[in-house]
Amino acid sequence: MLRTVTCGELALNNLGKEVILAGWVASRRDHGGIIFVDLRDRYGVTQVVFNPESLSPDCFQQVSSLHSEDVIQAKGKVVHRPSGTENSRIATGEIEIAASEIAILNRCPSLPFEIIEEGSVSESVRLSYRYLDLRRPGMQRNLILRHKAAVAARNFLSEQGFVEIETPLLTRSTPEGARDFLVPSRLELGKFYALPQSPQLSKQILMVAGFDRYFQLARCLRDEDLRADRQPEHTQIDLEASFVEPEDIQALVEELVNRVQQAVLDKPLDRKLFPRITYQEAIAAYGSDKPDLRIDSKIEDVTDLFAGSSFEIFRKAAAEGKRVRSLAVSQIELSNTQLKVYQEKALELGAKGLAWIKVNGAEFTSPIAKFISPEILSCLAEQNHIKQGVIFFVADEPVKASVILGIFRLQLAKEFNLISEKSLNFLWVTDFPLLKYSEEEKRLVSVHHPFTAPRPEDISFLDSEPLKVRGLAYDLVLNGTEIGGGSIRIHSSELQKKVFSVLGIPEQDFQEQFGFFLKALEYGAPPHGGLAIGFDRLIATLLGLESIREVIAFPKTQKGACLLTNAPAEIADKQLKELGLRLAIPKPT
RNA sequence: GGGGCCGUGGUGUAGCGGUUAACAUUCCUGACUGUCGAUCAGGAGAUCGCGAGUUCGAAUCUCGUCGGCCCCGCCA
């Protein structure tokens, strides 16, 4: 070993010990005679003192030439720092190393940015020199905590009898879902593998195989546009179990998340933080299928109150079967100009209009107040639990009205800083519809994926009223972000074929694309279900980070580029030829 | 595919029609034996992302382009 101790472990109980340290020069303070070097590795920082009296002139010359981030090895004795010169800000601050020898293991040129200082370096520079960026304390902490979370998840699932099984990265392309990344086959020219969007079919087949509890920290690859919380490759804690009901998976995942949080934040979850609401309730009350419950406001239905008012627009809407929905935001003040901006935004979102009432105790200010009796005004305030602030109203189809108010709910919370950043708010959203109509494709598509089981009592509606069929699906939502999604799967080949045909996929097509899977289901597939957690998102949220790039060692930019390696890159003509490919676009210069 | 913000010494910023392009830090040289973001003195380092246009004159205004970020679409 080139070292006997790390830079973070020495303390007063090591006094007098001869040690060898190795690490990076974090800083050098040259006093002409005596020279201090802060030596850093991922465990900490130790001050090494080079005194010309106890060092050969040759060695001292080398110390004088040190620069930031040079890699050195220092030999010396652990000594007590002179009284008054202790540094309480570092763990090793009571001791220092009186150096007797130094070896320079490697040099470092002047840096594009400082390693010590946190913050303000543009992200593109950070990514170009990711090895230096990762050397900084913030990224070291993020990746180490990510590792601890992964260990905690593995240990917990293993304790619960789950078996970690790897599934292929080279698999076949299937329709439905995200765009696939494709890999050309050399052995069968003209054919392609696809990289998996998730190990969905593999893990279901493992259930058929009798591995009744499977998990994997799985890479998932999707060729779609990037966002702060989306990378072309991300990691899921993917799990699946046989003979389970939704509640079994949910209880397991709650404990899993608890363990992960314990590992990352060193404090357990409050189990009361896992309410369950149905998709219908979520849309109605929050205008979203992933509501952020850190925000107090809830959307109310006030149609009945307006039904008896003389406010013609809402009364008429109510008579036509539309709903009047309201959103109250307490403790805010909005000028008429600001309100106008929201009204315009409502129109952009397709609302017929946006009404508002400013509330201040028993005082109501609004252009529509004169149409509403004082009794109804106070009922509105009471139903919306508001004493001071603003109530917004939208009259429309129920879902549309709620969705628009839901967008305002998020925007106002952000604008007025109504979200407490520290809190972690988990919930389950259940009973998603199985299917939705896609305007783009002019057919029904799955809300989750085509393998989600319909609720048994709704199966009979698959032909007659497919949009009414609910799935046995459940999403785990954290602070307004979907961090996990799962379901009970279809285990009957017949029902699976039925769902494919409801999706409008011709039998010939699904037999060709999913025939292997339908066949597997026939051979004694057990009832099964599972879930996948977006691991990057979970860690980023637990750490209070805006972007998952902060918890990924080598992320891509928004254009999908790696600034470190310059991937993606052109390939040699020879490689194309070997694969039987020819570019249909001009060669980039 | 669309909308928005940003691009000025190595790094982070200021300047927003005429400046010797400013400040901090890094870097280089020198001084200094108890510092710890060492200090002090001196110095170097920028054709203002790139291209075109407007103008007597462009870092500054306009258009295009490249790159980064945020968002919509997309992400079962």
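Letters go in sequence order (proteins before strands), and every chain restarts at 1. These figures come from a predicted structure and were not determined experimentally.
Residue contacts shown for A:Arg549 are limited to sugar-phosphate atoms, with no base heavy atom under 4.0 Å away. Contacts of A:Asp30 with the nucleic acid, taken as non-hydrogen atoms under 4.0 Å apart, include base atoms. Nucleic acid contact class of A:Glu482 (heavy atoms, under 4.0 Å, all strands): none. Residue A:Gln47 is classed as a base contact, given a heavy-atom separation below 4.0 Å to a base. Contacts of A:Val45 with the nucleic acid, taken as non-hydrogen atoms under 4.0 Å apart, are absent. The residue A:Ser198 sits close to a base: some heavy atom pair falls under 4.0 Å.
Comparing B:C71, B:G12, B:C69 by their closest approach to the side chain of A:Val121 singles out B:G12. Closest to the side chain of A:Phe36, out of B:U35, B:A38, B:G10, is B:U35. Of the candidate nucleotides B:C70, B:U33, B:G67, B:U33 has the atom lying nearest to any side-chain atom of A:Ile34. Comparing B:U33, B:U11, B:G73 by their closest approach to the side chain of A:His31 singles out B:U33. Side-chain proximity of A:Arg230 to the nucleotides B:G73, B:U11, B:G34 is greatest for B:G73. Candidate nucleotides B:G34, B:C70, B:G68 were compared by shortest atom distance to the side chain of A:Gln558, and B:C70 ranks first. Candidate nucleotides B:C74, B:U35, B:G68 were compared by shortest atom distance to the side chain of A:Thr85, and B:U35 ranks first. Between B:U35, B:G37, B:U11, one nucleotide has an atom nearer to the side chain of A:Arg89 than all others, and that is B:G37. Closest to the A:Asn51 side chain, of the nucleotides B:U33, B:C71, B:G12, is B:U33. Distance from the side chain of A:Glu96 is smallest for B:G34 among the nucleotides B:G34, B:C32, B:C70.
Pairing for B:C69 goes to B:G4, judged as Watson-Crick or G-U wobble with the two contacts each under 3.5 Å. With a cut-off of 3.5 Å on both pairing distances, the Watson-Crick or G-U wobble partner of B:G53 is B:C61. In this structure, B:A14 makes no Watson-Crick or G-U wobble pair, since no nucleotide meets both defining distances under 3.5 angstrom. B:A31: Watson-Crick or G-U partner is B:U39, with both key distances under 3.5 Å.
For the OP1/OP2 pair of B:G73 and a distance below 4.0 Å, the side-chain nitrogens and oxygens of A:Arg227 include no atom meeting the criterion. Taking only side-chain nitrogens and oxygens, A:Arg29 comes nearer than 4.0 Å to OP1 or OP2 of B:A38. Taking only side-chain nitrogens and oxygens, A:Ser122 comes nearer than 4.0 Å to OP1 or OP2 of B:G12.
Between A:Phe451 and A:His449, the ring planes are tilted. Angles from 30° to 60° get that label.
One N or O donor and one acceptor, one from the side chain of A:Asn87 and one from the base of B:C36, sit under 3.5 Å apart.
B:C61 and B:G18 are spaced 11 Å apart, taking the P atom of each and rounding to whole Å. A gap of 11 Å separates the C1' atoms of B:G7 and B:A59, to the nearest Å. B:G57 and B:A24: their C1' atoms are spaced 31 Å apart (whole Å). The same atom, P, is picked in B:C16 and in B:A22; the two are 14 Å apart, to the nearest Å.
Rounding to whole angstrom units, CZ of residue A:Phe113 and C1' of B:U13 are separated by 18 Å. Rounded to whole Å, atom C1' of B:G1 lies 11 Å from atom CZ of A:Arg179. The distance from atom CG of A:Asp229 to atom P of B:C69 is 14 Å, rounded to the nearest whole Å. Between the P atom of B:C71 and the NZ atom of A:Lys345 lies a distance of 13 Å, rounded to the nearest Å. Per the geometry, CD belonging to A:Glu114 stands 6 Å off C1' belonging to B:U26, to the nearest Å.
For the pair A:Arg28 (side chain) and A:Ser64 (backbone), a donor-acceptor distance under 3.5 Å is present. No donor-acceptor pair under 3.5 Å is formed between the side chain of A:Gln62 and the backbone N or O of A:Phe60. Of the possible donor and acceptor atoms, one in the side chain of A:Arg409 sits under 3.5 Å from a partner among the backbone N and O of A:Asp292.
The pair A:Arg222-A:Glu233 fails the salt-bridge criterion, with no side-chain N (NZ, NE, NH1 or NH2) lying under 4.0 Å from an Asp/Glu carboxylate O.
Side-chain contact check for A:Asn479 versus A:Arg294: some heavy-atom pair is nearer than 4.5 Å. Between A:Glu69 and A:Val25, the closest side-chain pair of non-hydrogen atoms is not below 4.5 Å.
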